[in-house]
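What follows is a short report on a single structure.
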Amino acid sequence: MGLVVQKYGGSSVADAEGIKRVAKRIVEAKKNGHQVVAVVSAMGDTTDELIDLAEQVSPIPAGRELDMLLTAGERISMALLAMAIKNLGHSAQSFTGSQAGVITDSVHNKARIIDVTPGRIRDSLNEGNIAIVAGFQGVSQDTKDITTLGRGGSDTTAVALAAALDAEVCEIYTDVDGVFTADPRVVKKARKIDWISSEDMLELAASGSKVLLHRCVEYARRYNIPIHVRSSFSGLRGTWVSNEKPEGDAQVEHAIISGVAHDVSEAKVTVVGVPDKPGEAAAIFRTISDAEINIDMIVQNVSAAATGLTDISFTLPKTEGRKAIDALEKSKAGIGFESLRYDDQIGKISLVGAGMKTNPGVTADFFTALSDAGVNIELISTSEIRISVVTRADDVNEAVRAVHTAFGLDSDSDEAVVYGGTGR
Ligand code: ADP
Ligand code: ASP
Ligand code: MG
């Protein structure tokens, strides 16, 4: 029996009862002969509550201090979980990200892991302990300050530790029974997927299916770590995510369309009246990248013949909206645009599946489903295995359901179960 890394999300450890339930589950794995490392998130919506609190004292909290504050959430749950395990008669030790050897760059609030040196975790396991690790956090190699990995980052902690410790599997425990063909909170008839390729999962995650963070899937793909996404509330088999289809597993099939993802966490910035000449887009996006903001979709309109001016729109996380507007305003004279527009009432719907490459009708069917549902499309972007559109935020849920039905993804068995969480 090898080593397993298990990750428990905030909804699985939302209260004392949840922590005791998770403790039992971890002890079960240990009793089955595994060495167990459990990565844990902050309880319930603690991270959101801490962010709200920070914003009450400062509208744009300093990155370093925000990281200090947020990492406290995971410290609470790791210590409580270790206590609960000891109460069951087993030995456990908790570790912060820094103690566990999660080394990152120094970009606060969205640091990237650059190395994992889990010496203390190995020692603790070899002494017979269960090791509990605070997710979502690390320590900067340069500044030695505490960093966080971005929202949902405990998934990445788990996979990174699984890779560094050469684990058999990384189990991600959450509040639904696995990865579904759409968010079960929006589509009651969503179907559980038994196996999904890393490639398709990466696109779903990047398109907003927050059941797994895309950086975690990226990491797992690079180090070839199989992920098993499952519920901490049921004993059911969940969804396996891996590079190759598991051999001889009768339950898995390679679907043409893997699923529909949606995302209402983005906003749209339109730069109005940009001179249509070389170098303008470069100047705009240099300004944005110098502010360390990641953007998603971009569209440039055809310029009006009379004025020679065009508009450029792009989408970005709402949380970066203010920073982007400030940065562009500061460079306005240099870039030479007329004005800026900001719209945070948008949503994105994406259809994902490797089968798209070889099925030319998919795009047309997608747009037909949206038009039948009366949904207006504002932006479009595609990759080889994904089509995404931006619509009004109010239309998103209806659009997801319409597309899900149109592609025959609706399940004809029981409704998908959501065991906990607030969906925040
Ligand atoms: P955790 O607290 O365990 O990290 P998250 O809230 O981050 O949980 O992720 C689980 C949630 O992801 C589910 O409750 C569900 O609402 C949402 N979700 C979005 N898309 C999907 C999908 N395709 N399959 C399963 N869950 C999804
Ligand atoms: N607690 C952090 C968050 O809410 C990290 C995580 O849950 O993965 O984003
Ligand atoms: Mg999560």
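First listed ligand is number 1; within each ligand, the first listed atom is number 1. Note that the coordinates shown come from a computational prediction; the quantities given were computed from them, not determined experimentally.
- Of the candidates K357, R221, R386, E199 forms a salt bridge (charged side-chain N to carboxylate O under 4.0 Å, His left out) with just one, namely K357.
- Relative to the six-membered ring of F233, R21 meets both conditions, a distance below 6.0 Å and an angle of at most 45° to the axis.
- Of the N and O atoms on the side chains of D410 and T405, at least one donor lies less than 3.5 Å from an acceptor on the other residue.
- Within 6.0 Å of CZ in R222 there are more than 12 heavy atoms belonging to other residues, nucleotides or ligands.
- Closer than 4.0 angstrom to ligand 1 lie heavy atoms from K7, G9, G10, S11, Y173, T174, D175, V176, G178, V179, F180, A182, D183, P184, R185, S209, K210, V211.
- A perpendicular orientation is assigned to the rings of F285 and F314, their planes being inclined by more than 60° (bins at 30° and 60°).
- The existence of a salt bridge linking R185 and E415 is excluded, since no basic side-chain nitrogen approaches an acidic carboxylate oxygen closer than 4.0 Å.
- Judged by distance alone, the side chains of D177 and Y419 do bring a donor and an acceptor atom under 3.5 Å apart.
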Please produce the table of protein N or O atoms sitting under 3.5 Å from N or O atoms belonging to ligand 2, one pair a line, distance to 0.1 Å.
residue: ligand 2; atom: 1 (N); partner: T47; partner atom: OG1; Å: 2.8
residue: ligand 2; atom: 1 (N); partner: E74; partner atom: OE2; Å: 2.7
residue: ligand 2; atom: 4 (O); partner: T47; partner atom: OG1; Å: 3.3
residue: ligand 2; atom: 4 (O); partner: R151; partner atom: NH2; Å: 2.9
residue: ligand 2; atom: 7 (O); partner: S41; partner atom: OG; Å: 3.2
residue: ligand 2; atom: 8 (O); partner: G152; partner atom: O; Å: 3.4
residue: ligand 2; atom: 8 (O); partner: G153; partner atom: N; Å: 3.4
residue: ligand 2; atom: 8 (O); partner: S154; partner atom: N; Å: 3.0
residue: ligand 2; atom: 8 (O); partner: S154; partner atom: OG; Å: 3.1
residue: ligand 2; atom: 9 (O); partner: R151; partner atom: NE; Å: 2.7
residue: ligand 2; atom: 9 (O); partner: R151; partner atom: NH2; Å: 3.4
residue: ligand 2; atom: 9 (O); partner: G152; partner atom: N; Å: 2.8

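- Applying the 6.0 Å contact sphere to NZ of K24 captures no more than 12 heavy atoms from other residues, nucleotides or ligands.
- The backbone N or O of T147 sits nowhere less than 3.5 Å from a side-chain atom of Q137 that would complete a donor-acceptor pair.
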